[in-house]
Amino acid sequence: MKEQLMKHLAGHPWQANLHYYDSIDSTNTQAKRMAAQGAPHGTVLVARHQTGGRGRLGRSFHSPEGSGVYLSVILRPDCMPGQLMHLTCAAAVAMCDAVEHSANLRPGIKWINDLVIGNQKLGGILTELGLEPGSGRVSYAVIGIGINCAQQADDFPPEIRQIATSLNMACGNPIDPMLLAAHMIRALHRMDAGIFIEKNTIMDAYRRNCVTLGKQVQLLQNGTVRPCTAMDIDDDGALIVVFQDGHRETVNSGEVSVRGMYGYV
Ligand code: BTN
């Protein structure tokens, strides 16, 4: 597997710091451990299996052996955390590009970090930052992505079966996970090169790909559920919603998630 990935990435600048694991707790957790020990910008971790795959808001990410691509990259941008508010959005657009290259089908993005096909989740993105103690500047950013590749509906646990899909299910044929991983790494490398100078272009692409926009959704926050309409996404990736009484709010992804009115998306 690792050899195949190395072959697909021949000559790529991030190939030199590529780490492949047959099994690991979580590529994001391992990336954070490595970042704390000084791993350089562009360190990439790819796993065939995760025993403790993590999602946003403390959720778990089902990561069975050989069924998906579980990948994290360590970036070391020289900036304050506030300048990276759009990082998850940028990664999401990059992952739509990578899936489109590999499977000839472009997923949508469910705000803020889910890749979806139709009404089902194909994968997700978990971005985590480490800060320099004194200055508060970014020490590292870890972007972790999980994409379901080979599963059939019965392979998903019952609790997510209705809302999960895979590239195999969506395309009707298996997608080579290592080729997809290579496209993901290339797309993340391009994203990194333009993360500041192409911010407007990236956010326009995000809005075009975002299936949440214009929808009636339920806002889930601190145990409350509030119906509203998703109107726009600002340049930092926050969701602008309007409630039935006309009241508008800009909600940050920190502690909020959305569900469709009639289903997951
Ligand atoms: C989500 O669904 O909220 C995000 C899921 C992110 C999963 C990926 S798999 C690779 C990396 N390692 C993890 O533990 N999580 C991310």
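- Looking only at side-chain heavy atoms (C-beta outward), Val116 and Ile109 stay at 4.5 Å or farther from each other.
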Take His86 and Asp235, measure what side chain to side chain contact (heavy atoms under 4.5 Å, CB included) needs, and give me the verdict at the end. CA-CA 7 Å; His86 64 304; Asp235 288 343; over 6 Å; no
Just do the side chain to side chain contact (heavy atoms under 4.5 Å, CB included) check on Val69 and Cys149 with the steps written out, would you? CA-CA 7 Å; Val69 174; Cys149 280; 4.0 Å; yes
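- Judged by distance alone, with hydrogens and angles left aside, the side-chain atoms of Arg161 form a donor-acceptor pair with the main-chain N or O of Phe156 at under 3.5 Å.
- Contact of the Lys215 side chain with the Val265 side chain is registered, since non-hydrogen atoms from C-beta on lie closer than 4.5 Å.
- At least one donor-acceptor pair closer than 3.5 Å links the side chain of Gln120 to the backbone N or O of Gln162.
- The line from OG of Ser257 to CG of Leu219 is 8.0 Å long, rounded to the nearest 0.5 Å.
- When all heavy atoms are compared, the tightest approach of Val217 to Thr212 is CG1-CG2, 4.0 Å.
- Two residues are said to be in side-chain contact when any heavy atoms from C-beta on lie closer than 4.5 Å; Val258 and Leu239 meet this criterion.
- Asn168 and Gln151 are not linked by any side-chain donor-acceptor pair at a separation below 3.5 angstrom, with hydrogens and angles left out of the test.
- A donor-acceptor contact closer than 3.5 angstrom is absent between the side chains of Ser63 and Arg54.
- Scanning for salt bridge (Lys or Arg N to Asp or Glu O under 4.0 Å) contacts around Arg137 gives Asp78, with sequence neighbours left out.
- Between Gly136 and Pro81, the shortest heavy-atom contact is O-CD, 3.2 Å.
- Taking 4.5 Å as the limit, some side-chain heavy atom of Arg248 sits within range of a side-chain heavy atom of Met231.
- Residues Met85 and Asn252 form a side-chain contact, since some pair of their non-hydrogen atoms from C-beta on lies under 4.5 Å apart.
- Between the side chains of Asp25 and Thr51, not a single donor N or O lies within less than 3.5 Å of an accepting N or O.
- Ring geometry for His183 against His101 counts as parallel: the plane angle stays under 30°, on a 0 to 90° scale with 60° as the upper cut.
- The neighbour count for Asn173 CG, taken as heavy atoms of other residues, nucleotides or ligands under 6.0 Å away, is above 12.
- Remark: the Ser23 side chain and the Glu65 side chain contain no N/O donor-acceptor pair separated by less than 3.5 Å.
- Note that the CE atom of Met95 and the CG atom of Leu115 stand 8.0 Å from one another [nearest 0.5 Å].
- Between the side chains of Gln218 and Arg226, no donor-acceptor pair of N or O atoms lies under 3.5 Å.
- A cation-pi arrangement, defined by a distance under 6.0 Å to the six-membered ring centre and an angle within 45 degrees of its axis, is absent between Lys121 and Tyr264.
- Between Ala35 and Arg76, the shortest heavy-atom contact is O-NH2, 2.8 Å.
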Before you tell me yes or no, could you show the steps for Asp204 and Lys199 under salt bridge (Lys or Arg N to Asp or Glu O under 4.0 Å), namely the whole-Å CA-CA distance, both residues' side-chain angles and the distance that decides it to 0.1 Å? CA-CA 9 Å; Asp204 284 345; Lys199 182 173 176 183; over 6 Å; no
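- With hydrogens and angles disregarded, no donor-acceptor distance shorter than 3.5 Å links the side chain of Arg48 to the backbone of Tyr70.
- For the pair Leu75/Met191, a side-chain contact is recorded, criterion being any heavy-atom separation below 4.5 Å from C-beta on.
- From Asn209, atom CG reaches atom SG of Cys96 across 4.5 Å, with rounding to the nearest 0.5 Å.
- Panel note: side chain Gln15, backbone Met6; a donor-acceptor pair is recorded below 3.5 Å.
- Counting non-hydrogen atoms of other residues, nucleotides and ligands closer than 6.0 Å to NZ of Lys7 gives a total of 12 or fewer.
- One distance of note links CD1 of Ile145 with CG of Asn28; it measures 8.5 Å at 0.5 Å rounding.
- Closest of all the heavy-atom pairs between Ala181 and Leu5 is CB-CD1, 3.9 Å.
- Residues Gln83 and Val138 fail the side-chain proximity criterion, which asks for heavy atoms closer than 4.5 Å.
- Leu126 and Val93 sit in two unconnected hydrophobic clusters of ILVMFWY residues. Membership requires side-chain heavy atoms under 4.5 Å apart, directly or through other members.
- The distance from atom CG of Asp232 to atom OG1 of Thr229, rounded to the nearest 0.5 Å, is 13.0 Å.
- With 3.5 Å as the limit, one finds a donor-acceptor pair spanning the side chains of Asp192 and His41.
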Between Ser253 and Thr88, does a side chain to side chain contact (heavy atoms under 4.5 Å, CB included) hold up when you go through it step by step? CA-CA 10 Å; Ser253 62; Thr88 300; over 6 Å; no
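- The local environment of CD in Glu100 is crowded, with over 12 non-hydrogen atoms from other residues, nucleotides or ligands closer than 6.0 Å.
- Proximity of Tyr21 to Gln50: side-chain heavy atoms (C-beta onward) are nowhere separated by under 4.5 Å.
- In this structure, Gln152 places its CD atom where more than 12 heavy-atom neighbours from other residues, nucleotides or ligands lie under 6.0 Å away.
- The existence of a salt bridge linking Asp97 and Arg106 is confirmed by a sub-4.0 Å separation between a basic side-chain nitrogen and an acidic carboxylate oxygen.
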Side chain to side chain contact (heavy atoms under 4.5 Å, CB included) between Ile195 and Leu87: does it pass, once the steps are laid out? CA-CA 8 Å; Ile195 190 72; Leu87 186 61; 3.8 Å; yes
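- Between Leu9 atom CG and Leu18 atom CG the span is 6.5 Å, to the nearest 0.5 Å.
- Under the 3.5 Å distance criterion, the side-chain polar atoms of Asn148 are matched with a main-chain donor or acceptor of Leu122.
- The backbone N or O of Ala39 sits nowhere less than 3.5 Å from a side-chain atom of Thr43 that would complete a donor-acceptor pair.
- Under the 4.5 Å side-chain heavy-atom criterion for grouping Ile, Leu, Val, Met, Phe, Trp and Tyr, Leu220 is not connected to Val256 through any hydrophobic cluster.
- Every pair passing ring-ring contact (aromatic ring centres under 6.0 Å, His included) that includes a residue from residues 190-249 is listed here, sequence neighbours excluded: Phe243-His247.
- Hydrophobic clustering (side-chain heavy atoms under 4.5 Å, transitive across Ile, Leu, Val, Met, Phe, Trp, Tyr) groups Leu71 together with Ile143.
- Looking only at distances, no side-chain donor or acceptor of Ser139 sits under 3.5 Å from a matching main-chain atom of Glu132.
- With hydrophobic clusters built from ILVMFWY side chains whose heavy atoms lie under 4.5 angstrom apart, Leu84 shares a cluster with Leu131.
- Taking a cutoff of 4.0 Å between a charged side-chain nitrogen and a carboxylate oxygen, Arg207 and Asp234 do not qualify as a salt bridge.
- The hydrophobic cluster containing Ile24 also contains Met34, counting ILVMFWY residues as joined when their side-chain heavy atoms lie under 4.5 angstrom apart, directly or transitively.
- Considering every non-hydrogen atom in both Ala92 and Ile125, the closest pair reads CA-CD1, 3.3 Å.
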